[in-house]
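Below is one structure, written out as C-alpha cells; the observations come after it.
All chains are named by letter (A, B, ...) in the order of the sequence lines, taking the proteins before the strands, and each is independently numbered beginning at 1. Excluded from the calculations below are hydrogen atoms, water molecules and symmetry mates; all remaining heavy atoms, backbone and side chain alike, are included.
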Amino acid sequence: MSSIAPSLLAGLNPEQLSAVTLPPQHALILAGAGSGKTRVLTTRIAWLISTSQAGPHGILAVTFTNKAAKEMLTRLSAMLPLSYNNSVRGMWIGTFHGLCNRLLRAHYREAGLPQLFQILDQADQLSTIKRLLKSLNVDDEKFPPRELQHFINAQKEQGLRAAAVEAWDSFARRRVELYDAYERQCQREGVVDFAELLLRSHELLERHESLRRHYQERFRHILVDEFQDTNRLQYAWLRMLAGNRARNDHPPSPLPEEGGDNIRTPKDGAYIFAVGDDDQSIYGFRGAEVGNMRDLEREFQVAKVIRLEQNYRSHGNILDAANAIIKNNAARLGKNLWTEAGSGEPIRVFESLSDLDEARWIVEEIKSLSRDGHARKEVALLYRSNAQSRVLEHALFNAGLPYRVYGGLRFFERQEIKHALAYLRLIANPDDDTAFSRVVNFPTRGIGNRSLEQLADAAKTHGSSLHAAIQHLGGKAQSSLSAFAQLIVRMREGSAGLPLPEVVDHVLELSGLLEHYRNEKEGQDRLANLDELINAAASFVAEEGSREPAPDGAEDQSDLASFLAHAALEAGEHQAGDSDDAVQLMTVHSAKGLEFNVVFISGLEAGLFPHENAVLEEKGLEEERRLMYVAVTRARQRLYLSFAQTRMLHGQTRYNLPSRFLDEIPVALLKWLTPKLSSGFVAPPKTSYAPAYAAEPQRQANAMTMRQQSDSGLRIGQNVMHTKFGHGVIINAEGAGTDARVQVNFKHAGMKWLALSIAKLEAA
DNA sequence: CAGAATACTTTTTTT
DNA sequence: AAGTATTCTG
C-alpha cells in the first residue's frame with residue numbers, strides 16, 4: 001500500500017472500510033440514507049488509484065445526476081495528491097446518458113449517426129411524435145401522443161426495436177408501425193432521444209467487437225451510484241461493459257436474459273462496484289428496476305453484500321420515524337438504520353385549515369428559525385408535486401424571505417432559450433425538423449400554416465427533411481421559406497471561426513429574437529435569460545470545453561455540438577450560487593441525495609402524498625412510501641410534517657384527510673403543534689383562516705351534517721358498492737348537503753365523481 | 001397571415 | 001389555475 005493510502009482510510013467505520021478496500025471482485029453495497037455512500041464511492045476510487053490497482057484511465061463511474069458526478073469529481077480532486085489531479089481527467093465519470101453521449105460522439109460512424117446528431121429532450125420528443133402523427137394523418141384520439149411516447153420509451157428500455165416488438169391485435173400492430181415510423185424519422189433528422197442514447201450505445205458495443213473489446217479492456221473498475229434506480233437497459237449496458245466471454249454466445253436481444261445462469265466472472269472484463277439502497281428506489285414509474293440489485297447479486301456472484309447501516313446524518317427520532325415507515329413495505333432487502341447521535345427533538349406535526357394557512361405557518365416558523373440562528377439555506381421545503389410550490393413561493397415572497405426553487409421550469413427549458421437553441425441546432429444540422437418547426441416562423445416572418453403544410457407534404461413525398469424540401473416548393477411558400485434557409489446559411493457562415501459565446505450572440509441578433517423580445521411588453525426577463533445564455537456558453541467553454549479529453553479514437557467535436565448536448569442532458573439547474581442564503585424548495589424526488597438541518601414536508605394528505613394515481617397499484621403505494629422515507633431522511637436535526645384540510649388544486653378546492661404515512665410513525669416520536677383531531681369524516685368548506693384548533697367545533701358540526709346526510713356513514717377510505725359500477729373505494733369528497741359529491745375509485749369502472757344525492761352508494 | 005379571443009385540456013415524480 | 005390548441009377577426 002502506498003504511503004498516502006492510510007490517511008485516505010482514516011475515519012471510516014468497519015463496514016465502510018471493508019467496502020472501500022474490498023479486493024478485486026464484484027460488489028454490492030447496500031447503503032442506507034446518510035450512511036456515507038458517496039464517501040465510500042469516492043474513497044474507493046481514490047484507494048484503487050493510490051494503491052496502483054487501477055489507473056484513472058481504467059475507472060468508469062456512473063452517477064444518477066450531473067450534480068452527483070460533479071460532486072464526485074470535486075471530492076476526488078481533493079483526495080488525490082496533486083500529481084494525480086491531472087489524471088482525474090482520464091476517468092469517465094458521468095450519468096448513463098452523459099457517458100452514452102460521449103461514446104456515441106466518439107464513434108458516431110459505427111453507431112450510424114451524423115457527427116453532429118442532436119439530442120431530443122422529453123418535450124422535443126413529444127413534439128416530434130405530434131408532428132409525425134399529423135403527417136401520417138393518424139387520429140391522435142386513438143393514439144394520444146403522450147401514450148405513444150411512453151410506449152416507445154418503454155420498448156427501448158426493454159431493448160426492443162420495432163421489429164422485435166410482439167403485436168397481437170391491429171391496435172398493437174399499428175402502434176408498432178408508428179414506433180417504427182418515429183424511429184425512421186429520427187434517423188433521417190439525425191436526432192436521438194434519451195432512451196435512444198442508451199439503446200444505441202448498447203447496440204454499438206454489441207455489434208462492434210473491436211470497440212467492445214477495447215472498452216472492456218480499458219475499464220477495469222465500474223462503479224455505480226444509486227444502483228436501485230437503474231433500468232433494464234442500463235443494467236444490460238453495464239453488463240456489456242463489464243464483459244464476459246460467455247456473453248458472446250448469447251443472442252443479442254431482448255436485453256434481459258431472464259433466469260439465465262450466465263455467471264459473470266471478471267477475468268476478461270471489469271469489476272462492478274454497485275452502491276444502492278432499495279428503500280430509496282423512487283423511479284419505478286419510469287422504468288427503474290429494484291430487481292436489478294438481486295440480479296446483480298446472482299449473476300455476478302457477489303460473495304457478500306456489504307450493509308452500511310450506521311447513519312451519520314439524522315438524530316434518532318428522525319431515524320426511528322423513517323425506519324417505522326419503511327417497515328410497512330413488504331419487498332425489501334432488509335436494513336435498519338441506527339445512529340450514535342441522541343434522539344434529538346421530537347418530530348413536529350402541524351394541521352392547518354388550508355394550503356394558504358399551511359404556507360403562512362411555514363413562513364412564520366422559518367422566520368423564528370432564522371431568529372434562532374438557523375441559516376435559511378439549511379431549511380428545505382419539500383412537497384410531492386411541483387404544483388404545490390406556488391402557494392409556498394407566494395407566502396415566502398410576501399414575507400420577503402429569499403428562496404430558491406429547484407426543478408420546475410429549468411433554464412434550458414424556457415421558451416426563449418429553446419428558441420435560441422433551435423437556431424443553434426439548425427446551424428449544426430439543418431435537417432433537425434424539431435428545431436426547424438420551432439423557429440421557422442418565430443419571430444414571425446410571414447410563413448403561415450398554408451406554407452408549412454405544403455412544406456410538410458413535400459417533405460413526405462420526397463422522404464426528406466423539412467429543410468431539404470424547400471427546394472421542391474413553388475410560389476410564395478418557396479420564396480419565404482428560401483429566405484429562412486438563407487438566414488440559416490448566413491448564421492452558419494457568420495459564426496464560422498467565432499468562439500462559442502460570440503456565435504450565440506451572433507445568432508441571437510440575426511434571428512431577430514432580441515428584436516422581438518425588446519418589443520415585447522414582458523420581454524425583459526426573457527432578454528435577461530438570453531443574455532444569460534451567452535454567459536452560460538462562456539462558462540461552458542471555460543469549464544467543460546477543454547476539460548474532456550478526446551475519448552478513445554474520437555474526432556474533435558465542436559464546442560457548439562457539445563454545448564447543445566450539454567443543454568439537452570443537463571436541463572440546467574441554474575445555480576444561484578451558494579453564497580445567497582435562501583430557503584430551498586423542491587419536490588421530494590429532487591431532494592434525493594441532499595440533506596438539510598431543518599426539513600418541512602408539506603401537503604401530507606391522502607391523495608397528494610401518497611399520490612392518488614399511485615395508490616391504484618400496489619407497487620405504487622410502496623414507491624410512495626419509499627418517497628416518504630427519502631423525504632424524512634433528508635433531515636439532520638429538525639423535521640416538520642404538515643397537512644391541510646383543504647387545498648386548491650387545479651382550480652378546485654379539495655378536502656383531504658391526513659396522509660396514512662402520518663399514522664405509520666409511532667406517536668411517541670411526534671409532537672403535535674395543533675391539537676390532534678379525530679379525523680375521519682369529510683371536512684366541510686372553510687372560509688376562515690383561523691388556526692385549526694379554533695375551527696374544531698365547526699369541523700365537528702359539519703362532520704355531523706355529512707353523517708346525517710348519508711346515514712350510511714360514508715367517509716374517505718370507505719369501501720362502497722354501487723349498483724352499476726360495483727365495488728370501489730371513496731378517495732375524495734367535496735361539497736356538503738345536497739351538493740356533496742364523492743370521488744370513488746371503482747375496481748372495474750375506474751375513477752368516478754358521484755353526487756351522493758343521486759348515486760346509490762352503499763357501504764361495503 | 002398575425003394576433004386576439006376563446007375553448008379546451010391537463011393536472012406525479014424527471015435523467 | 002395555467003397552459004395549450006383552436007377559432008375568430010382584422
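In this pair, A:His589 does not lay its aromatic ring on the base of B:dT13; centres under 5.5 Å and planes under 30 degrees do not both hold. Residue side chain A:Tyr283 fails the stacking definition with respect to B:dT14, as its ring centre and the base's six-membered ring centre are not both under 5.5 angstrom apart and under 30 degrees in plane angle.
Using a 4.0 Å cut-off between charged nitrogen and carboxylate oxygen, A:Arg232 and A:Glu157 do not count as a salt-bridge pair. A salt bridge does not link A:Arg384 with A:Glu605: none of the charged nitrogens is closer than 4.0 Å to a carboxylate oxygen.
Residue A:Ser385 has no polar side-chain atom (N or O) positioned under 4.0 Å from OP1 or OP2 of B:dT11. Put simply, A:Asn441 has a side-chain N or O that comes within less than 4.0 Å of OP1 or OP2 on B:dA2. Close to B:dC1, at under 4.0 Å from its OP1 or OP2, lies a side-chain N or O of A:Ser451. A:Asn386 has a side-chain polar atom (N or O) that falls below the 4.0 Å cut-off from OP1 or OP2 of B:dT14.
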Report task. Any chance you could list the contact pattern along nucleotides 1-10 of chain C? Use B for base contacts, S for sugar-phosphate-only contacts and - for none, protein heavy atoms under 4.0 Å, 5' to 3'. Result -> SS--S-----
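Across the protein-nucleic acid pair, A:Glu147 atom CD and B:dT11 atom P stand 12 Å apart, rounded to whole Å. Per the geometry, CG belonging to A:Leu233 stands 18 Å off P belonging to B:dT15, to the nearest Å. Rounded to whole angstrom, the span from the NZ atom of A:Lys67 across to the P atom of B:dT14 amounts to 13 Å. For the pair A:Asn66 CG and B:dT15 P, the interatomic distance rounds to 8 Å; values are reported in whole Å. A:Met586 has its CE atom 17 Å from the C1' atom of B:dT12, to the nearest Å. Between the CG atom of A:Asp229 and the P atom of B:dT13 there is a distance of 16 Å, rounded to whole Å. Between the C1' atom of B:dT14 and the CD atom of A:Gln234 lies a distance of 12 Å, rounded to the nearest Å. As rounded to whole Å, 17 Å separates atom C1' of B:dT14 from atom CZ of A:Phe412.
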**Report entry** Pair A:Lys37-A:Asp225, salt bridge (Lys or Arg N to Asp or Glu O under 4.0 Å): steps then yes or no
**Finding:** CA-CA 8 Å; A:Lys37 172 179 65 101; A:Asp225 194 9; 3.1 Å; yes
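For A:Thr444, the listed nucleotide lying nearest its side chain is B:dG3; candidates were B:dC1, B:dT15, B:dG3. When distances are taken from the side chain of A:Glu624 to each of B:dT12, B:dA2, B:dT15, the shortest belongs to B:dT12.
Side-chain to base pairing of A:Arg384 with B:dT13: one donor and one acceptor N or O lie within less than 3.5 Å of each other. With hydrogens and angles left out, the side chain of A:Glu612 and the base of B:dT12 share no donor-acceptor pair within 3.5 Å.
Positionally, the nearest nucleotide of DNA chain B for A:Gly448 lies more toward the 5' end than for the other of A:Gly448 and A:Leu649. With the nearest nucleotide of DNA chain B identified for both A:Thr63 and A:Arg146, A:Arg146 has the one nearer the 5' end.
Residue contacts shown for A:Asp121 are absent, as no nucleic acid heavy atom lies under 4.0 Å away. Counting any heavy atom pair closer than 4.0 Å across all strands shown, A:Asn231 reaches no nucleic acid atom. Residue contacts shown for A:Leu608 are absent, as no nucleic acid heavy atom lies under 4.0 Å away.
For the P atoms, the distance linking C:dT4 with B:dT13 amounts to 15 Å, nearest Å.
Residues A:Thr230 and A:Glu289 are not in side-chain contact: their nearest non-hydrogen atoms beyond the backbone lie 4.5 Å or more apart.
In this structure A:Asp229 satisfies the salt bridge (Lys or Arg N to Asp or Glu O under 4.0 Å) test together with A:Lys592, sequence neighbours excluded. Not a single salt bridge (Lys or Arg N to Asp or Glu O under 4.0 Å) links A:Glu393 to another residue, sequence neighbours left out.
Between the side chain of A:Gln388 and the backbone N or O of A:Ser385 there is at least one donor-acceptor pair closer than 3.5 Å. Checking side-chain atoms of A:Ser659 against main-chain N and O of A:Ala606 turns up no donor-acceptor pair under 3.5 Å.
With respect to A:Glu416, the salt bridge (Lys or Arg N to Asp or Glu O under 4.0 Å) criterion is satisfied by exactly one of A:Arg526, A:Arg438, A:Arg518: A:Arg526.
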